[in-house]
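Beneath this line is the structure, given in structure tokens, with notes to follow.
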Amino acid sequence: MSFSYVTQSLLGGFAFTCLLFGLTLIMSIPLGLIISFCSMSKFKPLSFITKVFVWIIRGVPLMLQIFIVYFLPAKFWGELNRYYYFTYGIQFGHNGAGIGTFIAVVIAFVINYAAYFSEIFRGGIESISAGQYEAGKVLGMTKTQIFFKIVLLQVVKRILAPISNEVITLVKDTALSNTVGIIEIILQAQLFTEKAIWPLFYSGAFYLVFVGVLTLLFGYIEKKLSYFKA
Amino acid sequence: MAYLSIENFYKSFGKTEVLKGINLSMQKGEVVSIIGSSGSGKTTLLRCINFLETPDNGVMTLDGELLFNSNAEKKDGDMALRNKRLNFGLVFQSFNLFPQYNVFKNITLAPTLLLKDKIKAYKKQLQEEKLSRKEISSKIATFKEAEKKAIDKDAEELLEKIGLTEKRNSFPCELSGGQCQRVAIARALALKPKILCFDEPTSALDPELTGEVLKVIRALKDEDRTMIIVTHEMGFAKNVSDKIVFMADGVIEEEGAPKDVIENPKSEKLKTFLHGVTNKDGE
Ligand SMILES: Nc1ncnc2c1ncn2[C@@H]1O[C@H](COP(=O)(O)OP(=O)(O)OP(=O)(O)O)[C@@H](O)[C@H]1O
Ligand SMILES: [Mg+2]
């Protein structure tokens, strides 16, 4: 059990961590924006339903949501797992986890994070003064132009800090995927514990580096946006 | 026939009646100042004129064109509303500049966005003329170039007019309140509105910055621009206006030539109001 062997195995697990992280981020941000618009809708039933939805998603542990998405149609995901395993040889875990499992996990993560993001977006959008919208209106802009040309960047600046918190939490939450058998980096490290404990610490280093890079990135964006006050 | 005519504007918010039958008309090139105590409905009237609020009742025509009629069968769509709004410019008390854009971009943003519509219309026109694709795209490129140049040139001229040419690359957070308000005026002028409206343009400013903004407005008056100014600056209103309108409790209580209104008020309410204002000045 050499250092390079452990490194390689952990990197394999880390690839899933990153994949889950990336997919969740790419999909939950636009979905979160849509949800935030729904919850701000003037059509009361829509905003009410959306708010109840957000309450449920934020009120229930992510782990439970993963279980529900995975076990409710367990048969379906299982079929998917087997199909991709037998036709393409794709496998995600030691206990039969495959494409189906992974998709289930991604769905749970996207919904969960979209709900959190939607609240951050809503707060940001609502914090922009009515005067900005009105200035756009009297200058003959369309609603879309007002949102994209005037409001959006100001919102981004204001929500950068809470978003970066959420994104960093996501990095670590990806570990929850191992509860349904996805071999991400922690489960991978855990597989070594019969022989040695140090791979656990090693896996922690991966997280630290990842979060460190993200922190630098968000710091950079913050600095880029510091030229104006909003 | 009046240039702008407003007839019987009514507006309520829930149970509060704010405008209770406003009739106002003005000629082209005139400056009308609106004075009145807080809560009398001055801002609401300006917002109705600028289509930020919809009056519950009333008719408005500008330059012979019917802009608003509360009895109209169908409501205006977004597009129609936008075009109607463009007849007016509005300068806000709190400037509302776009913080992420520099002074120049604040002024050119709206005309640039409108240019996109213009290009679309032009393209359609060219397509109807059955020109080849190549010809269309080259004509559009030329058109776009010329229009862009015109927008930039306008902006430069406006910057000069407000005396902020050196600040063209500054961001709103780097400007004083007076400078911000001058930029806001230039921004509104860039769309060449037929009537420019001001809602207490100097109320958010320190007294020493008020003068520079009033000077710009004064210069606009000298160009014979049509303007409606809501203000608490009595001296300025008297000096710059062709007509002063005194609003109280949602109606126009008194109106007339500046001298008459300020020096010979007839209604009790106006007398009380003017008394209060002069007392404040005397402090
Ligand atoms: N959107 C709104 N919803 C409810 N009430 C409103 C709204 N806008 C204005 N009002 C009410 O209408 C009345 C007139 O307001 P308005 O802002 O037009 O007065 P104003 O003459 O501009 O006063 P000021 O000199 O303080 O600016 C006030 O009583 C105000 O509370
Ligand atoms: Mg007001």
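Numbered from 1 within each chain, the chains take letters A, B, ... in sequence-line order.
Atom CD1 in Ile182(A) sits 8.0 Å away from atom CG in Leu20(A) (nearest 0.5 Å).
Side-chain contact of Tyr116(A) with Ser28(A): a donor-acceptor pair under 3.5 Å is absent, judged by distance alone.
Every residue two or more places apart in sequence or in another chain that forms a side chain to side chain contact (heavy atoms under 4.5 Å, CB included) with Phe210(A) is listed here: Phe14(A), Cys18(A), Phe21(A), Val171(A), Leu214(A). By the ring-ring contact (aromatic ring centres under 6.0 Å, His included) test, Phe201(A) is found to be paired with no residue, residues two or more places apart in sequence or in another chain being considered. With sequence neighbours left out, the side-chain hydrogen bond (donor to acceptor under 3.5 Å, both in side chains) criterion links Tyr113(A) to Asp173(A).
The contact between Leu113(B) and chain A is made by backbone and side chain atoms together, counting heavy-atom distances below 4.5 Å. Neither the backbone nor the side chain of Leu81(B) comes within contact range of chain A; no heavy atom of the residue lies under 4.5 Å from a heavy atom of that chain. Proximity to chain A (any heavy atom under 4.5 Å) is restricted, for Phe92(B), to the side chain, taken from C-beta onward.
Using a 30° and 60° split on the angle between ring planes, Phe68(B) and Phe9(B) fall in the perpendicular class, above 60°.
Of the possible polar contacts, one joining the Trp77(A) side chain to the Val69(A) backbone as a donor-acceptor pair under 3.5 Å is found.
When Leu90(B), Leu52(B), Leu86(B) are compared by the number of non-hydrogen pairs under 4.5 Å with chain A, Leu52(B) comes out ahead.
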Taking 3.5 Å as the threshold, show me the donor-acceptor pairs across chain A and chain B, one per line with distances to 0.1 Å.
residue   : atom : partner   : partner atom : Å
Gly131(A) : O    : Asn96(B)  : ND2          : 3.4
Gln132(A) : NE2  : Leu97(B)  : O            : 2.9
Glu134(A) : OE1  : Arg47(B)  : NH1          : 2.9
Glu134(A) : OE2  : Arg47(B)  : NH1          : 2.9
Glu134(A) : OE2  : Arg47(B)  : NH2          : 2.8
Gly140(A) : O    : Arg82(B)  : NH1          : 2.8
Lys149(A) : O    : Gln100(B) : NE2          : 3.3
Lys149(A) : O    : Tyr101(B) : OH           : 2.6
Ile150(A) : O    : Gln100(B) : NE2          : 2.8
Gln154(A) : NE2  : Gln100(B) : OE1          : 3.3
Tyr227(A) : OH   : Gln100(B) : O            : 3.1

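More than 12 heavy-atom neighbours from other residues, nucleotides or ligands sit within 6.0 angstrom of CZ on Phe71(A).
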